[in-house]
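One structure is given below, encoded as structure tokens.
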There are 2 protein chains.
Amino acid sequence: MKLSIDHKSAVPLHIQAENLLRELIKDPEYQSGKLLPNEVDLAKILAISRTTLRQAINKLVYEELLIRKKRLGTKVAHPKMSSKSMNWLSFTQEMQARGIPIKNYELHVSWVYPDEFIANFFDIKADKKIMKLERLRGNAEEAFVYFVSYFHPRIGLTGDEDFKKPLYEMLEVDHSVVANLSKEEISAKAADKLIAGKLEIDPGSPVLFRKRFVFDQGDRPMEYNLGYYKAESFIYTVESRRTS
Amino acid sequence: MKLSIDHKSAVPLHIQAENLLRELIKDPEYQSGKLLPNEVDLAKILAISRTTLRQAINKLVYEELLIRKKRLGTKVAHPKMSSKSMNWLSFTQEMQARGIPIKNYELHVSWVYPDEFIANFFDIKADKKIMKLERLRGNAEEAFVYFVSYFHPRIGLTGDEDFKKPLYEMLEVDHSVVANLSKEEISAKAADKLIAGKLEIDPGSPVLFRKRFVFDQGDRPMEYNLGYYKAESFIYTVESRRTS
DNA sequence: TATGTTGCTATGTTTGTACATATAAACCAG
DNA sequence: CTGGTTTATATGTACAAACATAGCAACATA
């Protein structure tokens with residue numbers, strides 16, 4: 001991505017500015033709290049008007065990627081994933097949007113017989129093996145989440161897929177399966193031996209546990225996913241407005 | 001709510017316009033698909049500039065309450081409730097909906113100085129005491145959640161209220177404060193001494209921790225609530241549909 | 001010392017203006 | 001009647017210019 005604005009391009013300036021900001025704030029300096037240049041200067045640097053620049057900034061503020069404070073300035077709003085885009089971005093994408101690169105610590109594919117619960121969810125017989133994907137993921141420093149996914153056989157996965165790409169992107173592009181609806185259950189749990197080992201914490205210490213039931217466009221079940229997040233490493237946010 | 005714009009009010013015109021639009025589009029005519037007046041006319045009617053009006057409309061478009069189409073116009077984006085509208089039940093109501101009667105094990109009102117975080121959220125000075133409400137609640141067998149709530153002084157609570165009624169009902173009926181927007185953060189935590197004591201679990205064992213920021217109709221902060229749920233006793237469910 | 005006061009600087013709000021673009025509908029030529 | 005062209009109308013993009021407001025800091029006063 002080019003880090004400058006092309007006034008002749010067909011793509012609107014405020015979109016260009018937005019993208020450019022998204023790149024810019026990945027800089028560790030900004031990630032660690034440095035203020036962005038003030039609006040007037042930044043507009044001058046980019047050679048666009050303050051209004052246009054603000055359009056771009058506003059979008060990111062709305063996404064809670066940036067925080068503005070009068071007289072203080074604008075900086076990246078660190079942690080805390082927002083439910084706005086979340087839910088419908090994969091883990092990788094969400095982290096990337098924040099400039100946090102994701103590392104796969106382990107990635108393991110196996111074929112297993114579904115237990116009753118899973119067979120029931122997928123509405124399949126239990127005598128047919130399905131693909132199980134286990135992933136231990138985190139940032140550069142540490143692994144902080146352990147995922148276990150099961151996929152519906154209908155999708156036709158072979159196990160040779162490129163699981164380094166964002167999962168839903170891969171499924172969409174290579175297997176024409178589009179995730180459309182997700183039902184999630186979030187609770188707290190004590191880590192068992194296995195999870196504790198993976199996340200390098202003591203058995204019995206807390207993890208955030210998320211079950212995710214994912215459906216495709218036809219509302220057919222496509223994935224069953226279990227996520228174990230190291231406590232404090234992951235905050236689930238929900239915003240809801242009364243409708244009555 | 002008055003359906004006109006007050007240019008002398010302290011509240012920004014685009015906010016007034018936004019609220020006004022929210023009211024306006026409740027009209028069954030608009031709900032059933034009628035186009036809003038075009039921007040130029042509407043701006044003229046409200047006696048604000050088109051740009052300001054657009055600020056308001058943009059917000060609603062971003063919230064997916066309105067849809068715009070070039071040359072066609074702007075109308076309400078009908079149904080499609082995502083997780084936005086869900087989750088709007090109080091704890092008591094939630095439980096009652098499941099047929100679980102709720103018991104208050106402890107109920108304690110006190111007046112405290114807000115810490116920096118709370119003062120900042122409420123946008124008040126830290127030298128004024130605010131009401132703190134602690135409640136230990138559960139079913140007939142055991143207490144499984146410990147709540148701590150702080151209320152904005154604007155509400156004018158005295159401490160003599162009847163906290164046995166559902167909280168939001170009491171606030172609405174007796175204090176004319178209507179909860180309208182809630183932002184929640186859910187994570188897993190290890191119970192400290194205090195929480196462990198209340199919930200009768202071992203210190204260090206997992207609890208589901210929920211922060212809740214509640215806003216009234218004017219999007220003004222009204223309550224800050226911390227909830228500690230005994231692990232396994234509470235599962236948070238979220239359903240979200242892709243909108244793109 | 002404590003307390004105003006004032007000014008600086010950042011974001012926040014608002015207006016006026018202009019041109020671009022998408023598209024439905026009216027129009028016109030073959 | 002058919003197919004292209006124009007026009008009217010809506011949103012979309014962009015700029016410039018003010019003034020408002022919040023908060024910090026430096027200075028001045030009691």
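Letters A, B, ... mirror the listed sequences (proteins, then strands); counts begin at 1. The shown structure was predicted, so the numbers you read here are calculated from the model rather than taken from an experiment.
The residues B:Lys198 and B:Glu106 are annotated as salt-bridged, a charged nitrogen and a carboxylate oxygen being separated by less than 4.0 angstrom.
Nucleic acid contact for A:Thr51: base, since at least one base atom lies under 4.0 Å from a heavy atom of the residue. Within 4.0 Å of A:Gln55, counting heavy atoms only, lies no atom of the nucleic acid at all.
Atom CG in A:Leu46 sits roughly 11 Å away from atom P in D:dC15 (whole-Å rounding). For the pair A:Glu18 CD and D:dG12 C1', the interatomic distance rounds to 15 Å; values are reported in whole Å. In this structure, B:Ile67 atom CD1 and D:dT11 atom P are separated by 14 Å, rounded to whole Å. What separates NZ of A:Lys69 from P of D:dG23 is a distance of 7 Å, to the nearest Å. One can place CG of B:Leu42 at 12 Å from P of D:dA10, the figure rounded to the nearest angstrom. At whole-Å resolution of the value, NZ in A:Lys70 and C1' in D:dA22 are 5 Å apart. Taking atom CG on B:Asn38 and atom P on D:dG12, their separation rounds to 12 Å, with Å as the unit. Going from atom NE2 of A:His14 over to atom C1' of D:dT13 covers 7 Å, rounded to whole Å.
A nucleotide of DNA chain C counts as in contact with chain A when one of its atoms lies under 4.0 Å from a heavy atom; the first and last such, 5' to 3', are C:dC8 to C:dT13.
Ring centroid separation for the pair B:Tyr150 and B:Phe122 does not come in under the 6.0 Å cut-off.
A residue-by-residue look at B:Arg54 and B:Asp41 shows that B:Asp41 has its nearest nucleotide of DNA chain D further toward the 5' end.
With a 4.5 Å cut-off on side-chain heavy atoms, B:Leu133 and B:Val109 count as touching. Side chains of B:Leu171 and B:Leu157 form a contact here, defined as non-hydrogen atoms less than 4.5 Å apart.
A cation-pi arrangement is absent between B:Lys211 and B:Phe121, since the terminal nitrogen or guanidinium carbon is not both under 6.0 Å from the aromatic centre and inside a 45° cone about the axis.
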- Message: Working note: B:His175 + B:Met170, criterion side-chain contact (heavy atoms from CB on, under 4.5 Å); need CA distance, chi angles, decisive distance, verdict.
- Response: CA-CA 7 Å; B:His175 290 86; B:Met170 185 273 284; 4.1 Å; yes
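For the salt bridge (charged side-chain N to carboxylate O under 4.0 Å, His left out) with A:Glu39, the qualifying choice from A:Lys70, A:Arg68, A:Lys44 is A:Arg68, the only one to do so.
Remark: the B:Arg71 side chain and the D:dG12 base include no donor-acceptor N/O pair separated by less than 3.5 Å.
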